[in-house]
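Along the sequence shown, the residues carry numbers beginning at 1.
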Amino acid sequence: MGVKSDDQNKNPKKPFLYYYGLVLLIVFLLNAFLFPSMMERSVKEVGYNQFLEYVEAKQVDKVYRNDKELMFTLKEEVKPEWGVTAYKTGNWPDPQLTERLTEAGVTSFSEEIVTEASPLMVILFQWIVPIVLFVVIGQVMGRMMQKKLGNMGGPSMSFGKSNAKIYAETETGKTFEDVAGEEEAKEALKEIVDFLHNPEKYAQIGATLPKGALLVGPPGTGKTLLAKAVAGEAHVPFFSISGSEFVEMFVGMGAAKVRDLFKQANEKAPCIVFIDEIDTIGKKRDGGGIGGNDEREQTLNQLLTEMDGFDGKKGVVILAATNRPESLDPALLRPGRFDRRVPVELPDLKGREAILRVHGKDVKLEDSVNFNAVARATAGASGAELANIVNEAALRAVRLGRSTVSQSDLEESVEVVVAGYQRKNAAVSEKERRIVAYHEIGHALVAACQSQSAPVHKITIIPRTSGALGYTMQVEAGERFLMSKEEALNKIATFTGGRAAEEFMFHSITTGASNDIEQATKIARAMVTRYGMSDQFGMVALETVNNQYLGGDSSMVCSPETAKAVDDEVIAIVKGQYEKAMEILKSHAAKLTELSEYLLERETITGEEFMDILNR
């Protein structure tokens, strides 16, 4: 049984009672010392003879009169220290008053009577308004302090409250119809939905609901969308929270938020709890904190305990998403916690086409739009990137003053996402344009003259905002999942074709092949270290890939001597394919010149135009 501290038992309103008492004292002192004239009547009545005595003594400062009465004020040195500020007298049948005032040195003489302030107004502005103003300020300050205490984890405020967004049964607005291109992931999650709909069917055979499902995949593939679709299909409440929201400055608050989240989930069961980016709190425990017990580790321990403690029969399902599964703690992935691992991979050709159709429902499209062609040109694109392509196409149609999206808009938006916007005002000299044209035709010509190479789709020498002065786009006729050694070597030869064309035609080389060199070296190194396509090393793994969903950084796992041998092998592969590309260009020198001059004239040519000239 817990014992409350004295601070918790104190009434938080008591300090404000002291505050209001202080306010009354301040108002009283202000009226007593700063506005003493307002404490009594501000005007005193005297006889006319008394007024004349003041005039003869030259003590009158200002005079105000009308037909019935007269009011005057005295000079500062003869005024009483307390109370009266003006004097009033009755009828004054004195025709010589003006002369008397002039002789007495009174220069301020007006026919306007200064009225006496209303006693009610005096009370209102001297007492009521200041008190009300201070009370309002006190209330505002009190609410701000309470809010600040709540954010800092005040004991009686919101300490340990989770920030999970709670959606009602119909508020997620997503169903499995809104998810395209991830059929395998949907199939794996439909069983959870069926369990939430028909728990008795599973109870009869003794099956229990999986406590958790971990959605794993690259960024932008729709992991969060899938979680919302599960809640929308199951018609149950949906708790959504990010892993970073558990991380707090004060030790213990993250664990308290986990407890509060699972408490709310049990109260609203059956329901779904979704933790996005769970790797923020679910990393492997390595004792890196103070004594191996830092805030993140306490939060993870509490999450493990809660997942073991709640009853799966109530229908509480934990969904989590991450793109770094290799960094998660093994205790989090064992059966009984995250029972299922659902891969949410990049979509294939059919999936990309389905995703484009889903996002195209909200856009006015021309009847001639071919989503299959766009899908073939976007190999490796995620669902988020495909949605961006459709949106860019719609924006381009608006810029060009059209009311519908055409095929050309979609194709241009693919290039925008891949290479950036066109730099129409880029100042490229004629000499550089010619070098770029021969460079790009060199790529295309080497690709076209090799078997098992992707067809050329488009060649352009229009500069892009990504920094590219031109590019050659190749599009596979269908979806490819495997790459043979011959195809890998052909890719390297194609990448070296641009530099080979520069050297062959201009007997000089430029910096324009930097990206080509990087890509060719990457493929050649992977052939040796990962794919076992080297005669010298054979099927030996010399490299490991880390963070496969976040760029795939690699690290060598071999001795320095072997690493040097690998470098020599990579250099030999790239050099051999460069020589192959040079031979192809030399044997087609006439076509290289003809195609380059045609590209210089048109700036952009299609794959059909390229092949037509090549096959003449």
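Legend: salt bridge (charged side-chain N to carboxylate O under 4.0 Å, His left out) pairs involving residues 383-400, not counting sequence neighbours, sorted by first then second residue: R396-D409. Screening residues 319-328 for side-chain hydrogen bond (donor to acceptor under 3.5 Å, both in side chains) gives D279-T322 as the qualifying pairs, with residues at least two apart or on separate chains. Residue pairs satisfying the salt bridge (charged side-chain N to carboxylate O under 4.0 Å, His left out) criterion with at least one member in residues 189-210, sequence neighbours excluded, are listed as follows: E187-K190, E191-R340, D194-K201.
Residues passing the ring pair (Phe, Tyr, Trp, His ring centres under 6.0 Å) test with Y421: none are found, sequence neighbours excluded. Under the rule for a salt bridge (Lys or Arg N to Asp or Glu O under 4.0 Å), K350 has no partner lying at least two apart in sequence or in another chain. Partners of T544 by side chain to side chain donor-acceptor pair (under 3.5 Å), not counting sequence neighbours, listed by chain and number: S555. Partners of T460 according to the side-chain contact (heavy atoms from CB on, under 4.5 Å) rule, which considers only residues two or more places apart in sequence or in another chain, are I462, Y471, T604. In this structure, D367 has no salt bridge (Lys or Arg N to Asp or Glu O under 4.0 Å) partners at least two apart in sequence or on a different chain. Partners of E487 under the salt bridge (Lys or Arg N to Asp or Glu O under 4.0 Å) rule, at least two apart in sequence or in another chain, are R480. Take S413 and apply the side chain to side chain donor-acceptor pair (under 3.5 Å) test, not counting sequence neighbours, and it matches no residue. With sequence neighbours excluded, the residues that form a salt bridge (Lys or Arg N to Asp or Glu O under 4.0 Å) with K458 are E415. Listed by chain and residue number, nothing satisfies the side chain to side chain donor-acceptor pair (under 3.5 Å) test with Q474 (two or more places apart in sequence, or in another chain).
Within a 6.0 Å sphere centred on CD of E267, other residues, nucleotides and ligands contribute more than 12 heavy atoms.
The backbone N or O of C558 lies less than 3.5 Å from no partner atom in the side chain of T562, so there is not a single donor-acceptor pair. Checking side-chain atoms of H457 against main-chain N and O of E608 turns up no donor-acceptor pair under 3.5 Å.
Here the CD atom belonging to E543 is positioned 6.0 Å from the CZ atom belonging to R530, to the nearest 0.5 angstrom. Atoms OG1 and CD, from T378 and E353 in turn, are 10.0 Å apart once rounded to the nearest 0.5 Å. Rounded to the nearest 0.5 angstrom, L356 CG and H359 NE2 are separated by 8.0 Å. The CG atom of L215 sits 11.0 Å away from the CG atom of L225 when rounded to the nearest 0.5 Å.
Within the 4.5 Å cutoff, no side-chain heavy atoms of L328 are placed close to those of F338. At a threshold of 4.5 Å between non-hydrogen side-chain atoms, the residues V317 and K211 do not count as touching.
A salt bridge is absent between R376 and E411: the closest approach of a Lys/Arg side-chain nitrogen to an acidic carboxylate oxygen does not fall below 4.0 angstrom. Residues D329 and R334 are not paired through a salt bridge, judged by the lack of any N-O separation under 4.0 Å between the basic side chain and the carboxylate.
Checking S368 against Q407 by side-chain atom types alone, no donor-acceptor pair falls below 3.5 Å.
Among N515, N490, T521, D516, the single residue meeting the side-chain contact (heavy atoms from CB on, under 4.5 Å) criterion with F495 is D516.
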Q: Show your reasoning for whether side chain to side chain contact (heavy atoms under 4.5 Å, CB included) applies to C271 and F238.
A: CA-CA 6 Å; C271 65; F238 181 68; over 6 Å; no
Q) Under the side-chain hydrogen bond (donor to acceptor under 3.5 Å, both in side chains) criterion, do E366 and S406 qualify, and how do the steps go? A) CA-CA 5 Å; E366 292 184 359; S406 66; 4.7 Å; no
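Among all heavy-atom pairs drawn from A213 and V342, the shortest one is CB-CG2, 4.5 Å. For the pair S453 and T494, the tightest heavy-atom approach, listed with the atom from each and the gap, is OG-OG1, 4.0 Å.
Using the six-membered ring where Trp is involved, Y202 and F195 have ring planes that are tilted, between 30° and 60° apart.
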